[in-house]
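The structure appears below as structure tokens.
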Amino acid sequence: MDPDAKVQIATMGTKLEYSTDDGTTWVRVYGLASTPEFGGQPNMIDSTTLDNTEYETSVLGLQSAPEISYEINVMALNASHTDREGKTVEPNLKLVKALADSKSINKWKLTKASGITFTYDAVTRIGYNSDEQASIEKFTIYHDMKSKITVALPG
């Protein structure tokens, strides 16, 4: 099989987790509907001089501060349920609202389908999304960053 023909679906197996004990145990937030961009393109600084007569020139500048947010599908609000692995799962909105209400700094980890992980510390805030016809109810997690983002590659 042609290795270039292998298609990796970006969302398959992606999971968002948080830890209240500095990374010893992780709690998964189910219903992840979107993930943020990590990194992004740095700002470009104009470096064109009067000697340049044909093209403008520029150099890489500072990278923008990360704006981290996740859109989450609201899951059943009143009862916990069991996931595919047999673990008891609390309703995601209740879990995240408790973190937002506490205003505590927690460790967060996003694991992509490729196995790349992004880990950072943040204070959580939530927003309740507007409703759309023929769409499920969602909320958004916003993170006020309190550390740098650590990127770990698989294997």
Side-chain angles (χ1 to χ4, degrees), residues 1-75 91-155:
M1 178 175 171
D2 179 0
D4 293 333
K6 182 179 178 185
V7 176
Q8 179 171 306
I9 299 174
T11 57
M12 298 273 299
T14 299
K15 63 182 178 178
L16 178 64
E17 301 168 291
Y18 69 89
S19 176
T20 58
D21 60 11
D22 206 31
T24 303
T25 57
W26 293 93
V27 177
R28 185 168 179 179
V29 177
Y30 287 86
L32 188 60
S34 69
T35 62
E37 179 177 303
F38 290 92
Q41 183 174 348
N43 294 322
M44 301 302 290
I45 299 172
D46 183 20
S47 61
T48 307
T49 65
L50 296 177
D51 299 332
N52 297 68
T53 58
E54 191 170 345
Y55 299 104
E56 292 181 350
T57 60
S58 58
V59 295
L60 294 177
L62 296 175
Q63 194 144 357
S64 299
E67 295 180 15
I68 305 295
S69 64
Y70 300 90
E71 193 173 56
I72 308 288
N73 294 338
V74 172
M75 296 173 70
N92 58 20
L93 183 55
K94 286 185 178 182
L95 289 173
V96 175
K97 185 172 183 326
L99 292 177
D101 289 348
S102 75
K103 296 181 174 59
S104 59
I105 298 173
N106 300 109
K107 187 168 286 303
W108 286 84
K109 177 170 65 173
L110 177 70
T111 304
K112 303 283 270 183
S114 62
I116 297 172
T117 61
F118 302 88
T119 309
Y120 57 90
D121 297 336
V123 173
T124 301
R125 300 190 195 322
I126 57 176
Y128 303 94
N129 298 17
S130 60
D131 295 328
E132 300 171 13
Q133 186 169 347
S135 178
I136 66 173
E137 191 174 353
K138 297 177 186 170
F139 66 97
T140 301
I141 299 173
Y142 300 98
H143 283 155
D144 178 11
M145 302 298 291
K146 300 300 181 189
S147 72
K148 289 185 176 184
I149 297 169
T150 302
V151 179
L153 302 178

Query raised in the report: Angle class for the Trp108/Tyr18 ring planes (parallel below 30°, perpendicular above 60°, tilted otherwise)?
Result: tilted
| said: What verdict does the side-chain contact (heavy atoms from CB on, under 4.5 Å) test give for Thr111 and Leu16, after you've listed the backbone C-alpha separation in whole Å, the side-chain angles of each residue and the deciding distance to 0.1 Å? | reply: CA-CA 7 Å; Thr111 304; Leu16 178 64; over 6 Å; no
Go through the steps for Lys15 and Leu32 under the test side-chain contact (heavy atoms from CB on, under 4.5 Å), then give the verdict.
CA-CA 7 Å; Lys15 63 182 178 178; Leu32 188 60; over 6 Å; no
Enter the distance from [X]:[atom1] to [Y]:[atom2] here, rounded to the nearest 0.5 Å.
X	Y	atom1	atom2	result
Lys97	Asn92	NZ	CG	14.0 Å
Ser34	Glu71	OG	CD	4.5 Å
Glu137	Leu93	CD	CG	8.0 Å
Tyr120	Ile105	OH	CD1	13.5 Å
Leu153	Thr117	CG	OG1	8.0 Å
Lys109	Thr150	NZ	OG1	12.0 Å

Original post:
What do the steps show when you test Val123 against His143 for side-chain contact (heavy atoms from CB on, under 4.5 Å), and what is the final call?
Top reply: CA-CA 6 Å; Val123 173; His143 283 155; over 6 Å; no
Regarding Lys146 and Asp144, does a basic nitrogen lie under 4.0 Å from an acidic carboxylate oxygen? yes
Check your understanding: Is Glu17 salt-bridged to Arg28, cutoff N-O under 4.0 Å?
Key -> no
Worksheet entry | Close side-chain approach of Thr119 to Ile149, heavy-atom, < 4.5 Å | no
Worksheet item: Should Val96 and Ile72 count as side-chain neighbours, where that means a heavy-atom distance under 4.5 Å?
Response: no
### Aromatic ring proximity, centroids under 6.0 angstrom, Phe118 and Phe38
yes
Nearest heavy-atom pair of [X] and [Y]: which atoms, and what distance?
X	Y	result
Pro42	Gly61	CB-O, 3.6 Å
Pro154	Ser114	CG-O, 3.4 Å
Val74	Phe139	CG2-CD2, 3.6 Å
Asp46	Thr57	OD1-O, 3.0 Å
Arg125	Ala100	CA-CB, 4.2 Å

Tell me whether [X] contacts the main-chain N or O of [Y] through its side chain, where contact means a donor paired with an acceptor under 3.5 Å.
X	Y	result
Ser147	Asp121	yes
Thr14	Lys112	no
Asn52	Thr49	yes
Ser19	Trp26	no

Determine, step by step, whether Ile126 and Leu99 satisfy the side-chain contact (heavy atoms from CB on, under 4.5 Å) criterion, reporting the C-alpha distance in whole Å, the side-chain angles of both residues, the deciding distance to 0.1 Å, and the verdict.
CA-CA 9 Å; Ile126 57 176; Leu99 292 177; over 6 Å; no
Hydrogens and angles aside, do Asp21 and Thr25 bring a side-chain donor and acceptor to less than 3.5 Å of each other? yes
**Request:** Report yes or no: do Ser69 and Thr140 form a side-chain donor-acceptor pair below 3.5 Å?
**Result:** no
